[in-house]
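A quick note: this is a predicted structure, and the numbers were derived from the prediction, not measured. Labels below follow one simple rule: chain letters A, B, ... track the order of the sequence lines, proteins then strands, and each chain is numbered from 1.
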Protein chains: 2
Amino acid sequence: MASLEEKRHTLAHLLAAAIAERYPHAKPTIGPAVDNGFYYDFDFAGGRPVKETDLPQIEEAMRDVLSSWTNMSGTEVSEKDARDRYTGNPYKLELIDGIVAAAEPITLYTAGNFTDLCRGGHSENPAHDIKPDSFVLERIAGAYWRGDESKPMLTRIYGLAFETKEELDAYRTQIEEAKKRDHKKLGKELDLFVFSELVGPGLPLFTPKGTMVRDMLDDFVQELRKPHGYQKVEIPHITKKELYETSGHWDKFKDDLFRIKTREGHEFAMKPMNCPHHTQIYARKQWSYRELPQRYSNTTACYRDEQSGELSGLSRVRAFSQDDAHVFCRMQDVKSESLKVWDVIHTFYPTFGFDLKVRLSTHDPEHMENYLGEIEVWDKAVGMLSELVDEKGVEVMDGVGEAAFYGPKLDFMAQDSLGRQWQVATIQLDMNQPERFDLTCINEEGQKERIVMIHAAIMGSIERFLSILIEHTAGNFPVWLSPVQARVIPVSDAHAEYAQSIVDGFVSQGIRAEADLANESLGKKIRAAKGEKIPYLLVVGDAEVEAKTVSVESREEKIGVMSVEDFTLRIVKEITDRS
Amino acid sequence: MASLEEKRHTLAHLLAAAIAERYPHAKPTIGPAVDNGFYYDFDFAGGRPVKETDLPQIEEAMRDVLSSWTNMSGTEVSEKDARDRYTGNPYKLELIDGIVAAAEPITLYTAGNFTDLCRGGHSENPAHDIKPDSFVLERIAGAYWRGDESKPMLTRIYGLAFETKEELDAYRTQIEEAKKRDHKKLGKELDLFVFSELVGPGLPLFTPKGTMVRDMLDDFVQELRKPHGYQKVEIPHITKKELYETSGHWDKFKDDLFRIKTREGHEFAMKPMNCPHHTQIYARKQWSYRELPQRYSNTTACYRDEQSGELSGLSRVRAFSQDDAHVFCRMQDVKSESLKVWDVIHTFYPTFGFDLKVRLSTHDPEHMENYLGEIEVWDKAVGMLSELVDEKGVEVMDGVGEAAFYGPKLDFMAQDSLGRQWQVATIQLDMNQPERFDLTCINEEGQKERIVMIHAAIMGSIERFLSILIEHTAGNFPVWLSPVQARVIPVSDAHAEYAQSIVDGFVSQGIRAEADLANESLGKKIRAAKGEKIPYLLVVGDAEVEAKTVSVESREEKIGVMSVEDFTLRIVKEITDRS
């Protein structure tokens with residue numbers, strides 16, 4: 001039985017066969033399997049081009065041909081035979097040049113009456129292996145030959161392919177849903193952030209509503225950290241390069257840094273992370289073991305000189321806000337301190353309905369030359385993280401060899417409502433920077449003892465977390481996080497005063513409510529509120545004024561008439577519980 | 001009667017006379033009056049140098065000579081006579097070169113038996129005019145001839161001089177006090193901030209305590225702004241240079257900007273102010289006049305490429321945090337919106353005991369070519385600020401011609417406890433950026449109407465305000481702002497449990513308290529707490545445990561024994577009242 005990748009690769013051939021039948025002038029080039037399907041690039045020059053609207057017919061033609069492909073096999077041919085077959089197709093000839101230069105065999109694969117130059121890796125019986133309803137042609141795009149702008153522009157036809165129609169449909173639904181939830185689109189509709197041509201790409205500006213959401217997310221993290229003894233610190237966003245020469249970041253990340261030459265000719269950099277700065281706060285005095293751990297938290301921006309082409313909404317930016325924290329402690333405290341971070345992570349993410357998976361990333365004992373420090377120290381550190389994970393009784397993915405060179409770590413993956421996995425938080429042990437910055441405490445014996453650092457960001461990048469959260473919730477933030485929690489809509493002007501009095505009552509109790517007193521129809525106001533994904537709409541007319549009630553509608557359903565007091569109890573509970 | 005400046009200048013001569021008597025080899029160079037006194041630069045090469053310990057004797061010699069200086073007058077002399085007199089003194093000869101080159105008269109001034117090359121400006125009867133106890137010699141410093149590093153190093157003797165001994169003493173006391181209060185020294189002692197060699201000068205890092213104070217100051221400002229409808233926004237700290245080309249800052253401040261060339265070759269800059277970014281948040285949609293004013297507040301860092309030599313503690317830094325805000329409104333709202341900022345400023349500064357003075361900085365109607373826009377618009381804007389000031393009934397300094405080119409402003413000066421004046425807040429009207437960024441609203445007639453901006457930072461730079469506040473209070477922050485508000489000290493181990501229980505009670509009520517349970521003497525613990533300027537020390541021994549009381553000492557005095565409840569009421573009231 002063929003693998004899914006082999007089937008997808010076979011479908012690329014099938015597409016080429018269907019095109020060859022209907023567009024004999026089209027020159028086939030290459031057609032690989034890709035994630036979720038396949039594509040094939042053609043040169044349609046000198047004849048009828050293909051259009052999106054032609055795809056259903058081509059798809060049908062593929063299904064017709066498929067039934068006759070009961071066998072697919074390859075034959076090795078001579079260079080001359082291969083070249084003769086592709087006279088007039090410079091793309092295939094160029095591929096043959098490459099195969100010859102690499103001294104590899106030239107193979108042709110045939111199924112039905114269609115033959116293609118190919119390395120192999122197909123279904124041997126496509127008609128049997130591939131379900132006719134398990135694939136579709138998706139779309140057409142332009143693509144330069146070999147991705148090179150100086151080469152001809154080809155036509156790429158993308159197909160989606162899965163084992164079954166059900167899997168295909170599920171994927172297409174997920175894509176449709178993801179498109180509707182695109183955080184760039186929703187961010188604008190919900191008025192959360194904006195990009196400016198003048199400020200530049202990758203540099204989002206946050207509106208009042210977006211800033212409120214950012215701040216509430218960060219406040220939540222700080223609230224969870226507080227009982228664990230974290231203290232806020234503040235640092236400048238630039239530094240002399242000497243800081244990063246000492247930390248080792250200059251060598252490693254020089255090209256990713258925004259670098260600055262001052263008027264006096266000194267070299268500065270904008271910070272790509274906060275740990276080196278935080279070491280300088282720790283290093284201001286000689287600590288006793290009694291004063292440790294020192295736990296510094298600091299929500300602050302980091303900067304990376306990303307390529308324009310890699311920027312995308314809030315997912316990949318040039319300036320991002322990290323809800324960063326560093327714990328300076330003794331090696332013996334690693335387990336207990338990591339446990340605190342673990343607890344924060346395991347309260348934070350489930351609050352939003354994310355499922356978490358954990359990976360323990362450790363050293364490869366066969367290759368200790370890749371790591372800083374002695375294996376005994378590593379074994380001890382990993383031992384502490386393992387104990388922690390064992391105590392928690394969760395299933396943990398094994399990441400032998402996945403540790404950073406400076407220490408082992410726990411990586412956390414969040415699964416969103418569309419089933420997508422996002423790498424989110426890490427608990428990272430760092431034995432390197434304490435060494436490089438000579439960070440110590442005086443221990444019980446009055447001796448200087450090397451300490452370790454734990455990197456403990458919870459969201460990591462607030463911008464990236466916000467992009468994930470917007471798509472996870474489709475913009476339907478939980479009530480506690482919604483910039484406007486309730487909107488009161490009077491049926492007519494006669495009910496405006498009552499509406500405003502309810503809002504005033506809410507606001508005095510810390511509920512973010514507003515009245516919509518605009519001169520518009522009720523229907524239009526309700527649609528506007530739904531568009532803004534406001535959790536609760538309270539419509540008030542004669543009956544409500546009389547009975548001191550509100551007619552409540554949530555984003556999901558009509559809840560019905562209730563007293564102002566009952567509604568207040570309900571929403572305050574939801575806010576308090578962060579439910 | 002001579003002016004103070006003439007007396008100071010005369011005293012420089014008197015110093016030179018005393019030096020000439022006792023150090024005949026010393027070559028006099030120049031000796032002007034300066035703020036607070038005078039100095040004279042000598043070249044002591046080729047003989048005995050002068051030492052700090054010699055100053056009292058020289059001072060006495062000056063007083064002896066002074067009594068004989070009943071007349072001081074000048075004579076014009078020929079170049080030859082002047083040169084003959086100063087054969088062997090290359091400094092005076094160089095001065096004569098300069099006078100000759102400028103074609104000015106060469107004058108010699110004589111008093112008693114001492115003559116000096118001088119332009120004039122002295123007391124005519126020093127013995128009568130100058131009180132012998134109104135001056136002292138202060139200190140010795142090195143100074144290059146003409147301030148030029150390539151020229152010889154001279155010895156500068158500084159003197160302080162005032163009208164009377166009382167004024168002199170007052171000044172010396174102020175200086176002594178200011179030295180004790182130096183925020184750089186206190187910042188370290190109170191563990192508020194730290195500088196790192198690796199991060200670089202002008203880039204302070206804030207410790208947990210310093211961060212707490214910064215945040216509380218900023219929270220106070222935000223709390224005062226909130227009822228006025230300000231909304232927080234957030235912006236990146238960098239931008240494409242296009243933003244500043246549009247705003248006009250690129251041309252004006254190019255050299256003060258930290259500039260960045262990205263890996264793709266684009267020019268970016270770190271923001272030196274926030275207004276251009278904030279315009280881009282305003283510009284995200286077309287506003288109706290009904291939705292105005294939009295009031296954006298944003299505490300965020302700004303950056304200036306200052307010269308190393310100009311940096312000083314927190315007073316002058318390369319990265320500072322601005323508690324910035326911008327109001328986007330119609331011209332007709334300028335008065336009411338400025339009033340809101342005025343009220344915030346006049347609540348904020350008096351809370352700390354600062355007296356405020358106000359200057360109204362307006363356009364010069366004779367030179368409208370220096371300003372953007374028509375005089376009618378300016379008259380209207382100034383009219384609104386004047387009305388505001390009139391209503392407030394405060395005395396206002398007149399600043400005709402002191403406006404920025406883009407709008408009139410109100411400048412606020414705070415006087416600290418040492419009598420020093422600091423320029424602090426401004427309310428600044430800006431008609432320029434709305435023009436350059438084409439910011440409008442749709443008015444009642446459905447027409448686009450140009451809006452204006454009001455710049456409304458309260459502290460300006462949090463770092464600079466903190467430096468002023470530390471020196472103003474000598475580190476004795478008001479209780480509400482103190483990182484530790486109360487420290488409980490048990491007389492012995494036997495009282496530790498009681499001490500801790502009191503602290504727990506305080507903490508649960510939001511009072512920042514801690515117990516000092518270290519293995520040290522009571523005296524040492526009390527001295528430590530005083531050194532940290534903790535507002536309240538609560539000592540607890542047998543009597544206090546028995547009676548459920550605390551023995552209270554403030555920074556100023558012993559208050560005495562009181563019940564825990566009474567102390568709690570007292571401190572909570574002080575915190576709540578910010579008294």
Side-chain angles (χ1 to χ4, degrees), chain A residues 188 191 193-194 196-200 202-212 214-215 231-240 242-243 245-247 255-256 258-264 266 268 270 276-278 280-281 283-285 294 296 298 301 303 305 307-308 317-319 321 437, chain B residues 188 191 193-194 196-200 202-212 214-215 231-240 242-243 245-247 255-256 258-264 266 268 270 276-278 280-281 283-285 294 296 298 301 303 305 307-308 317-319 321 437:
Chain A
K188 203 181 157 85
D191 195 25
F193 57 88
V194 63
S196 152
E197 285 284 318
L198 293 171
V199 174
L203 297 170
L205 300 108
F206 287 86
T207 64
K209 282 183 181 164
T211 305
M212 202 186 281
R214 283 168 59 102
D215 284 356
Q231 297 180 299
K232 277 182 74 182
V233 296
E234 199 50 82
I235 57 177
H237 294 208
I238 50 175
T239 174
K240 280 163 65 181
E242 280 79 352
L243 184 71
E245 285 176 338
T246 305
S247 70
D255 293 338
D256 296 321
F258 283 122
R259 280 175 287 169
I260 298 156
K261 184 88 102 185
T262 71
R263 61 162 79 187
E264 291 169 350
H266 300 297
F268 281 62
M270 296 185 72
H277 277 85
H278 286 178
Q280 298 305 290
I281 298 180
R284 74 189 185 279
K285 59 166 281 192
Q294 287 284 312
Y296 300 150
N298 187 193
Y303 306 86
D305 188 359
Q307 316 240 24
S308 306
V317 289
R318 283 181 165 138
S321 308
F437 288 108
Chain B
K188 204 181 156 86
D191 195 26
F193 56 89
V194 63
S196 152
E197 285 283 318
L198 293 172
V199 174
L203 297 171
L205 300 108
F206 287 86
T207 64
K209 282 184 182 166
T211 305
M212 203 186 282
R214 284 168 59 102
D215 283 356
Q231 297 180 299
K232 278 182 73 181
V233 296
E234 200 50 83
I235 57 177
H237 294 209
I238 50 175
T239 174
K240 278 164 65 181
E242 281 78 352
L243 184 71
E245 284 175 339
T246 306
S247 71
D255 293 338
D256 296 321
F258 283 122
R259 281 175 286 168
I260 299 155
K261 184 88 102 183
T262 71
R263 61 162 79 188
E264 291 169 350
H266 300 297
F268 280 63
M270 296 186 73
H277 277 86
H278 286 179
Q280 297 306 290
I281 298 180
R284 75 189 185 279
K285 59 166 280 193
Q294 288 284 312
Y296 299 150
N298 188 191
Y303 306 86
D305 188 359
Q307 316 241 22
S308 306
V317 289
R318 284 179 164 140
S321 309
F437 288 108

Name all residues meeting the salt bridge (charged side-chain N to carboxylate O under 4.0 Å, His left out) criterion together with B:E197; count only those two or more places apart in sequence or in a different chain, and write none if there are none.
-> none
Heavy-atom side-chain proximity of A:F258 to B:T262 below 4.5 angstrom | yes
Measuring heavy-atom distances to chain A, does B:S308 have an atom under 4.5 Å in its side chain, in its backbone, in both, or in neither?
-> both
Turns out that what part of B:V194 lies under 4.5 Å from chain A's heavy atoms comes down to side chain
Do A:I281 and A:I235 have side chains that get closer than 4.5 Å, going by heavy atoms?
-> yes
Heavy-atom proximity to chain A below 4.5 Å, by part of B:D215 = side chain
Starting at OG1 of B:T207, measure out to CG of B:D191 and round the result to the nearest 0.5 Å.
-> 4.5 Å
Between A:N298, A:L203, A:D255, which residue shows the highest count of heavy-atom pairs closer than 4.5 Å to chain B?
-> A:L203
Look only at the side chain of A:S321 and the backbone of A:A301, and say whether a donor-acceptor pair between them is shorter than 3.5 Å.
-> no
Honestly, the part of B:P276 sitting under 4.5 Å from a heavy atom of chain A is neither
Would you mind telling me which of B:M270, B:K188, B:K240, B:R214 has the largest number of heavy-atom pairs within less than 4.5 Å of chain A?
-> B:K240
Looking at side-chain heavy atoms only, is the closest gap between A:I260 and A:I238 below 4.5 Å?
-> yes
Would you mind checking which part of A:T246 comes under 4.5 Å of any heavy atom in chain B, side chain (CB onward), backbone (N, CA, C, O), both or neither?
-> side chain
Would you mind checking which part of B:R263 comes under 4.5 Å of any heavy atom in chain A, side chain (CB onward), backbone (N, CA, C, O), both or neither?
-> both
For A:H277, all residues meeting ring-ring contact (aromatic ring centres under 6.0 Å, His included), sequence neighbours excluded | none
Largest heavy-atom contact set with chain A, pairs under 4.5 Å, which of B:E264, B:E242, B:Q231, B:E245 = B:E264
So what's closer than 4.5 Å to chain A heavy atoms on B:F193: side chain, backbone, both or neither?
-> neither
Answer yes or no: is there a side-chain heavy-atom contact under 4.5 Å between A:Y296 and A:V233?
-> yes
Ranking A:S196, A:G200, A:P208 by heavy-atom pairs under 4.5 Å to chain B gives rank one to A:P208
Heavy atoms only, distances under 4.5 angstrom: which of B:Q280, B:H278, B:H266 has the most pairs with chain A? Name it, please.
-> B:Q280
Option that, when pairs with chain B are counted at under 4.5 Å, heavy atom only, ranks first among A:K261, A:R318, A:M212 | A:R318
Parallel, tilted or perpendicular: rings of A:Y303 and A:H237 (30°, 60°) | tilted
